[in-house]
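Worksheet: one structure, shown below.
For reference, positions follow the sequence shown, starting with 1.
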Amino acid sequence: MFLILGTVIGAGYASGRELWQFFGQESVLAIILFSLLFSFCCYIIMSMSFKEKTIHYRPILEKLIGSRLTTVFDLLIILYLFSTTVVMLAGGGATLHTFRIPYWFGVLFIMALLVLLFFWDVEGMISMNAFVIPILVILLVFVLFVFTKHHMDELPFDFRHHANWPSAFTFTALNILPLVAVLSAVGNQIQRKGEILIASIGSGVILGGISLLYNQSLLSIANEIVLYEIPLFAILKHYPYFWVLIMSVLLWIAIYTTAASGVFGIISRFRKTINLPLWLMSAILLLIMMPMTSFGFSTLIAILYPIYGILNLYILAAILLYPFMNKKGYREHL
């Protein structure tokens with residue numbers, strides 16, 4: 001469950017930027033729908049991974065979209081994970097730079113922690129999320145709860161207007177690629193089917209609850225958000241500086257977990273082909289990425305992200321339709 005949450009709660013989510021971009025006004029139904037769709041997708045992916053005992057995502061892609069399309073999508077997923085991880089490394093360096101730590105030292109520091117994580121193979125990734133994500137979630141919920149308590153009269157809960165409900169599909173799609181990559185890599189770690197049910201429902205409920213609380217908090221300060229690059233800091237503006245410091249650390253942790261998910265997705269894809277320990281594979285991959293953290297990614301992102309958007313929606317549709325298109329095979333999963 002925390003592995004799923006760690007994959008989704010990246011810097012974009014924790015900062016509030018993703019939520020504000022996709023939800024905002026008239027989004028109560030959209031967030032509830034997202035929670036249900038997300039749980040359903042997690043359940044399907046993990047059920048398939050459990051049955052196949054997978055260690056990377058390619059067998060799952062083949063089941064979802066066929067072997068011919070899988071070759072194209074495989075390349076695009078590697079590009080997606082690679083580019084987002086490079087952006088996270090750059091973000092990790094930039095975040096520490098705000099504390100007067102040299103940029104390249106910040107990049108090297110996050111790289112060293114990522115390599116260290118994979119000394120413990122897959123268990124390292126799962127254990128890190130099980131330790132870090134509860135802290136991150138508790139801190140975020142605490143800040144939002146305190147804010148909500150002091151702004152109860154301003155929270156605009158609207159249960160009558162739901163014009164933004166289609167955002168549930170686009171926001172679920174945004175998170176589907178890293179989910180497929182990460183959850184497919186731990187198919188051989190799932191012991192029993194009950195774990196799948198608890199992890200999928202639990203992560204959907206927690207994400208839905210935080211998203212609703214976060215979105216409503218942001219709505220109450222909607223006029224101020226335009227002044228902030230990071231919407232979370234608009235919520236924190238009346239808090240003591242200590243809390244701004246704590247939440248800056250939280251954002252860095254969110255960057256770290258996103259980078260870890262990206263690296264994990266790539267190295268698990270090639271672990272059968274390249275017979276090296278995961279920590280060494282991660283070190284080589286990160287060294288290749290390092291020079292690119294200083295490269296201007298605006299052109300790359302402008303070309304790749306629209307492709308990722310189509311790719312995400314296609315895979316989301318394939319996952320949602322899978323139980324109905326493969327009724328006999330799906331009953332075997334259950």
* Please assess Tyr80 against Leu76 for the test side-chain contact (heavy atoms from CB on, under 4.5 Å), listing each intermediate value before the final yes or no. => CA-CA 6 Å; Tyr80 173 85; Leu76 286 170; over 6 Å; no
* Just do the side-chain contact (heavy atoms from CB on, under 4.5 Å) check on His56 and Ser184 with the steps written out, would you? => CA-CA 5 Å; His56 62 83; Ser184 301; over 6 Å; no
* When you look at Ile176 and Phe38, which way does the side-chain contact (heavy atoms from CB on, under 4.5 Å) test go after all the steps? -> CA-CA 8 Å; Ile176 215 69; Phe38 185 84; over 6 Å; no
* To do: Quick one: do Val143 and Met247 satisfy side-chain contact (heavy atoms from CB on, under 4.5 Å)? Show the steps, please.
  => CA-CA 9 Å; Val143 165; Met247 297 316 276; 3.8 Å; yes
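Between Tyr314 and Phe73, the ring center distance clears the sub-6.0 Å criterion. In this structure, Trp243 has its ring center closer than 6.0 angstrom to the ring center of Phe142.
For Trp165, the CH2 atom counts as loosely surrounded, since its 6.0 Å shell holds 12 or fewer non-hydrogen atoms of other residues, nucleotides or ligands.
In terms of modelled atom types and a separation under 3.5 Å, the side chain of Glu62 and the main chain of Ser67 share no donor-acceptor contact. At least one donor-acceptor pair closer than 3.5 Å links the side chain of Tyr214 to the backbone N or O of Ala14. The backbone N or O of Gln189 sits less than 3.5 Å from a side-chain atom of Gln191, completing a donor-acceptor pair. Listed for the Ser39 side chain is no donor-acceptor partner under 3.5 Å among the backbone atoms of Leu36. In this structure a side-chain-to-backbone donor-acceptor pair under 3.5 Å is present from Tyr239 to Phe147.
Tyr256 and Ile138 fall into different hydrophobic clusters, where Ile, Leu, Val, Met, Phe, Trp and Tyr residues are linked whenever their side-chain heavy atoms come under 4.5 Å apart, directly or through other members. Both Val86 and Ile288 are assigned to one and the same hydrophobic cluster, defined by single-linkage of ILVMFWY side chains at heavy-atom distances under 4.5 Å. Both Met292 and Ile284 are part of a single hydrophobic cluster, where members link through side-chain heavy atoms under 4.5 Å apart. If you chain together hydrophobic residues whose side chains sit under 4.5 Å apart, Leu313 and Ile60 never meet in one group. The cluster map of Ile, Leu, Val, Met, Phe, Trp and Tyr, joined by side-chain heavy atoms under 4.5 Å apart, puts Leu177 and Ile55 in different clusters.
Closest heavy-atom contact between Cys41 and Thr172: SG-CG2, 4.4 Å. Thr84 approaches Leu81 most closely through the heavy-atom pair OG1-O, 3.2 Å. Minimum interatomic distance between Ser261 and Gly6 (heavy atoms only, all atoms of both residues): OG-O, 4.2 Å. Smallest separation of non-hydrogen atoms from Ser268 and Phe264: OG-O, 2.7 Å. When all heavy atoms of Thr85 and Gly262 are compared, the pair lying nearest together is OG1-CA, 3.3 Å. Of all heavy-atom pairs between Ile31 and Gly208, the closest is CG2-O, 3.5 Å.
With rounding to the nearest 0.5 Å, the separation of OG in Ser203 from CG in Leu5 is 5.5 Å. The distance from the CD1 atom of Ile9 to the CG atom of Asn129 is 10.0 Å, given to the nearest 0.5 Å. The line from OG1 of Thr258 to CD1 of Ile253 is 11.5 Å long, rounded to the nearest 0.5 Å. Atom NZ of Lys193 is separated from atom NZ of Lys51 by 9.5 Å, given to the nearest 0.5 angstrom. Within the model, atoms CD1 of Ile44 and CZ of Phe40 stand 4.0 Å from one another, a figure rounded to the nearest 0.5 Å. Considering CE of Met1 and CD1 of Ile126, their distance stands at 13.5 Å, rounded to 0.5 Å.
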Can you list, pair by pair, the side-chain donor-acceptor contacts under 3.5 Å of residues 103-122, counting residues two or more places apart and other chains?
unit_1	atom_1	unit_2	atom_2	d
Tyr103	OH	Thr293	O	3.2
Asp121	OD1	Arg271	NH2	3.2
Asp121	OD2	Arg271	NH2	3.2

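At a threshold of 4.5 Å between non-hydrogen side-chain atoms, the residues Gln216 and Ser220 do not count as touching. A 4.5 Å side-chain heavy-atom check between Val186 and Ser49 finds every atom pair outside the cut-off. Residues Leu285 and Phe82 are in side-chain contact: their nearest non-hydrogen atoms beyond the backbone lie under 4.5 Å apart. At a threshold of 4.5 Å between non-hydrogen side-chain atoms, the residues Thr257 and Met88 do not count as touching. Thr54 has its side chain out of reach of Leu183: every pair of non-hydrogen atoms, C-beta onward, lies at least 4.5 Å apart. A 4.5 Å side-chain heavy-atom check between Leu251 and Phe233 finds at least one atom pair inside the cut-off. In this structure, Leu207 and Ser35 have side chains that are not in contact, with every pair of non-hydrogen atoms separated by 4.5 Å or more. The shortest distance between side-chain heavy atoms of Met125 and Leu278 does not fall below 4.5 Å.
Residues passing the side chain to side chain donor-acceptor pair (under 3.5 Å) test with Ser167 are Asn164, sequence neighbours excluded.
Identified under the side chain to side chain donor-acceptor pair (under 3.5 Å) test for residues 2-18, with sequence neighbours left out: Tyr13-Ser211.
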